[in-house]
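Working notes for the structure below.
This one's a predicted model, so the numbers in the text were calculated from it and none came from an experiment. Just follow the structure's listing: the first ligand is 1, and inside any ligand the first atom is 1.
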Amino acid sequence: MSDLRFIHVALPVPMRRIFDYLPHPQRQVVVGGRVRVPFGRRMMVGVVVGESDHSDWPVEQLKAVDEVLDQQPIWPQSLLDLLKWAGRYYQHPIGEVLTHALPKKMRQGEQPNSADIEVWQLTDAGVAQDAQSTKRAPKQWQLLELLKAGAQERATLSAQGVTGATIQAVAKKQWIESAPLSALNESLSQPSNQPPATREQSIAITALCSRLQGFSVSLLEGITGSGKTRVYLDVMSQVIEQGKQVLVLVPEIGLTPQTLSRFRHHLGVRIGLVHSGLNDSERLAAWQAARTGELPVLLGTRSAIFTPMANLGLIVVDEEHDGSYKQQDGFRYQARDLAVMRARNEQVLLLLGSATPSFESLANVEAGRYQHLTLSERAAGGQLPKIAAIDMRQQVMTGPLSAPIVKAMEQHLQANNQVLVFLNRRGFAPVLLCHECGWFAECHRCNRPFTWHKGFRRLVCHHCQVERPVPHQCDSCGSTQLVPVGQGTEQLEEALQEQFPDYPVVRIDRDSTRRKDAFENLVADIQRGHYRILVGTQMLAKGHDFVDVTLVVIADVDGALFSSDFRAGERMCQLLTQVSGRAGRAGQQAQVLLQTHYPDHPWVQQLQTEGYQQVASALLAERKQAQLPPYAAIAIIRAEANDETKVAEFLAAAELVLNTAAQRHEVIVMPPGPCAMVRKAGRYRWQLVLIAPQKAPIQKLLTESLGEIESSKLAQVVRWHVDVDPHDTV
Ligand code: ADP
Ligand code: ZN
Ligand code: ZN
């Protein structure tokens, strides 16, 4: 036996393999630490995943490690295990998985440090300012006000809508100055006094606190406004008191200034944030502070699940049903599911919360794997709104909304309340059609109609984002009679403003909130009562309290009744329940009206009479019957290319490999076929679906087959990926 050692390194390249290197001439490498190695003609940073006396490659072809970057493993063993497991489970190359889990600066080979945190505090001159001195700069005044309670991190300020430009401007006036990290702790107030927990909250808190030792999962199902956050916070305080850390995941849009300030006030400790507004240094700093254990609480979106924590005591996943926990490209993981694995590896409690739990979690409750806690009443009083369907078939339509809805709106507006009108379609109209010949403006890359955006004066394809000017004439017959068909939020806003000239209308969707902070500003203006009618997409459905809203109008539910995705019903019921939950927060009796042509549809009926829990159990029974998730497991291989025959051939070959694999038992390999949207951005898209009663057989089959599938010539020609537990299946 030779005494040669080989270093096995995971590199951020899209290949399902590990690369071997010779040791560094002087320095010892550590497994779990980073190294810089030559790769092709470049240098790359990778992670050492093992060492041994064996390599499949001829020694003379191997190069040596160029630089040893870490003396210690960067992740605790439990987290490294989770990452390796995730790579295998989601069938994603381990090198990309490990790199994905690191802040950019770590990927680039920099050393971790948490000193890079930018902290700001008021100067004496700043303290002396009043609203008058910043009359023409409300943003500057907002910053001064935020800092009155003490020093804050830039990351925290930016999560509250303060831009770098504002900070610079105020710093230039010498009203604020940068402060040492220690100023942060001094500025934290004592946890503030809270109203007593309700009976249901107390029961949940006691039940959860009794489970703080070891691994378990609890699902807190509480209607909107039932005070789930209060439950999280009380359990979190206990964990923090024991000197342990808490990781809190929120959906992409859920990291609001209100959430942050509630956490700060209730807990009185430093809260680390991971959000899209952070720069690379701040990300690294938050990561390192969590990793060393200095940071008691880390609050972040999906990718925060990979943050190492020295002393983890609890994981909370808020709005656990939210689709944003599933990464939709590259490494397609589901952060909530990884949270379960992580809690198990690190032997801690996982608390999942939602008003509309995912069917996966409900099935786990049903199977006795998760503890189920419920909050069935609103904490601050008030009833859940009553839902009623308005049968569109019998209505004469004079505008976008039917007469009974217009009448109801008038009543609520006259009573000085706000009305929320929900329509999940942006733009002015989804189709622009020639009145004379029927031609319509279509994206030639997707074969789908363009959406007319009147405000931008553009046609935009909502599938590939391509834009073109609005035509004056029909491309086919030259007629100038182009008419919009169908309606989007832009049209609804315009029509409502005409119909209700005395009540200011505001629109909230991705278009109206493009500019940085626009969303936060609009929400603040709504909360101040500047607007009476709120029109918007699902951006309005999530997380925000609009206490004066007493009527919610759902302009169109019919779309979801026709979707071929088996999850469409689940999603629509979640969305409707969440939107409805925006109403009546301040205790007034509120109302929800749904416009539909199918008032007799089973779950439209059930939502009115029974509510989410009952609709969910009915839909779950259907899933069980049909052997669909969560009672079965699914994985999809998707492929796309400009040439449709290549896509079909590639998947046919993949099908053959899968069908001849030893592990094929128990797995149904469906014949490949075109996706519901067969063409997108010029490429043809097909998919192959795998179904099995359990997850394990699919995982084994894919693990056994992907090497061969990947090595085919067509695999280099088409773009393809594997999606395990896919969010979308059509
Ligand atoms: P959820 O997250 O379940 O929708 P929240 O946690 O946002 O609900 O609470 C809804 C409202 O009820 C908030 O305004 C909150 O301050 C209030 N609230 C929560 N718990 C209590 C309580 N025990 N007593 C009084 N008000 C409460
Ligand atoms: Zn397109
Ligand atoms: Zn025409």
Side-chain angles (χ1 to χ4, degrees), residues 192-205 220-236 248 250-251 254 256 258-259 261-263 265-266 316-320 322 351-357 373-382 384 430 432-451 458-468 471-483 527 541-547 577-587 677-685:
S192 59
N193 279 331
Q194 304 292 324
T198 64
R199 211 180 69 87
E200 286 185 319
Q201 283 173 330
S202 306
I203 293 171
I205 292 162
L220 178 63
E221 178 171 13
I223 61 168
T224 43
S226 60
K228 292 182 288 296
T229 314
R230 167 61 187 275
V231 174
Y232 305 157
L233 289 169
D234 275 23
V235 181
M236 287 170 69
V248 184
V250 291
T256 62
Q258 292 111 297
T259 313
S261 82
R262 269 174 89 179
F263 274 63
H265 286 119
H266 196 120
V316 178
V317 179
D318 190 24
E319 307 291 356
E320 62 88 32
D322 196 276
L351 172 53
L352 304 173
S354 176
T356 53
L373 300 165
T374 45
L375 302 177
S376 59
E377 281 162 18
R378 286 194 153 171
L384 262 194
L432 188 63
L433 184 102
C434 171
H435 184 61
E436 296 195 20
C437 76
W439 170 88
F440 59 91
E442 178 187 67
C443 170
H444 292 298
R445 291 155 30 99
C446 304
N447 302 111
R448 289 286 167 106
F450 272 116
T451 299
R458 306 289 282 177
L459 295 181
V460 181
C461 172
H462 282 191
H463 306 286
C464 72
Q465 316 317 324
V466 96
E467 295 183 15
R468 60 168 279 193
H472 298 291
Q473 285 185 310
C474 168
D475 277 8
S476 171
C477 75
S479 161
T480 51
Q481 289 206 46
L482 297 180
V483 291
Q527 282 161 342
K542 296 191 183 174
H544 286 281
D545 281 351
F546 299 118
V547 291
T577 309
Q578 295 282 347
V579 181
S580 307
R582 301 303 115 205
R585 285 255 177 165
M677 199 178 148
V678 62
R679 204 157 164 259
K680 187 169 171 180
R683 281 193 289 272
Y684 290 90
R685 311 153 77 229

Nitrogen or oxygen atoms of P196 and ligand 1 under 3.5 Å apart = yes
>> Looking at the Zn ion (ligand 2), is there an N, O or S atom belonging to H462 that lies under 2.8 Å away from it?
In response: no
So the atoms of ligand 1 within less than 4.0 Å of a heavy atom of G227 turn out to be 1 (P), 3 (O), 5 (P), 6 (O), 8 (O), 9 (O), 19 (C)
Side chain to side chain, V317 and D322, heavy atoms closer than 4.5 Å | no
Q: Please confirm whether the backbone N or O of R683 pairs with a side-chain atom of R445, one donor and one acceptor, at under 3.5 Å?
A: no
Quick note on ligand 1: atoms under 4.0 Å from a heavy atom of I223 include exactly 3 (O)
*State whether C464 contributes an N/O/S atom found under 2.8 Å from the Zn ion (ligand 2).*
yes
Run the numbers on C443 and R448 for side-chain contact (heavy atoms from CB on, under 4.5 Å), then give the verdict. CA-CA 6 Å; C443 170; R448 289 286 167 106; 5.5 Å; no
Taking only non-hydrogen atoms of A197 and a 4.0 Å limit, the atoms of ligand 1 in range are 23 (N)
d(H444 NE2, C446 SG) to nearest 0.5 Å is 11.0 Å
For P195, the ligand 1 atoms with a heavy-atom partner under 4.0 Å come out as 24 (N), 25 (C)
Basic-acidic side-chain contact under 4.0 Å: R468, D475: yes
If we ignore hydrogens and angles and just use 3.5 Å, is the side chain of Q201 paired with the main-chain N or O of R230 as donor and acceptor?
no
The SG(C434)-the Zn ion (ligand 3)-SG(C437) angle, to 10°, is 110°
field: Contact (N/O only, under 3.5 Å) between G225 and ligand 1
entry: yes
The atoms of ligand 1 lying under 4.0 Å from a heavy atom of T198, numbered in the order shown, are 23 (N)
| query | Mind checking whether the Zn ion (ligand 2) has an N, O or S of H444 under 2.8 Å? | reply | no
Candidates R230, R582, R262; heavy atom nearest atom 15 (C) of ligand 1 found on R262
In ligand 1, the atoms that come under 4.0 Å of a heavy atom of T229 are 2 (O), 6 (O)
Here the vertex angle at the Zn ion (ligand 2) for SG of C446 and SG of C461, given to 10°, is 110°
Rounded to the nearest 0.5 angstrom, the CG-CG distance for L351 and L373 is 8.0 Å
Min over Q201, K228, H266, Q578 of heavy-atom distance to atom 20 (N) of ligand 1 lands on Q201
Do R685 side-chain atoms and M677 backbone N/O form a donor-acceptor pair below 3.5 Å? yes
Quick look: R199 vs ligand 1, heavy-atom contacts under 4.0 Å, and the answer is neither
**Request:** Examine distances only and state if a side-chain atom of S479 and a backbone atom of Q481 form a donor-acceptor pair shorter than 3.5 Å.
**Result:** yes
Taking G222's backbone N and O only, do any of them form a donor-acceptor pair with K228's side chain (distance below 3.5 Å, no angle check)? yes
(request) Give yes or no for whether the N/O distance cutoff of 3.5 Å, strictly under, is met between T224 and ligand 1. (result) no
What's the verdict on side-chain contact (heavy atoms from CB on, under 4.5 Å) for D234 and Q194, showing C-alpha distance, side-chain angles and the deciding distance? CA-CA 10 Å; D234 275 23; Q194 304 292 324; 5.5 Å; no
d(Y232 OH, H266 NE2) to nearest 0.5 Å is 13.5 Å
Angle subtended at the Zn ion (ligand 3) by C474 SG and C477 SG, to the nearest 10 degrees, is 110°
So for R378 against ligand 1, with non-hydrogen atoms under 4.0 Å, the contacting part is neither
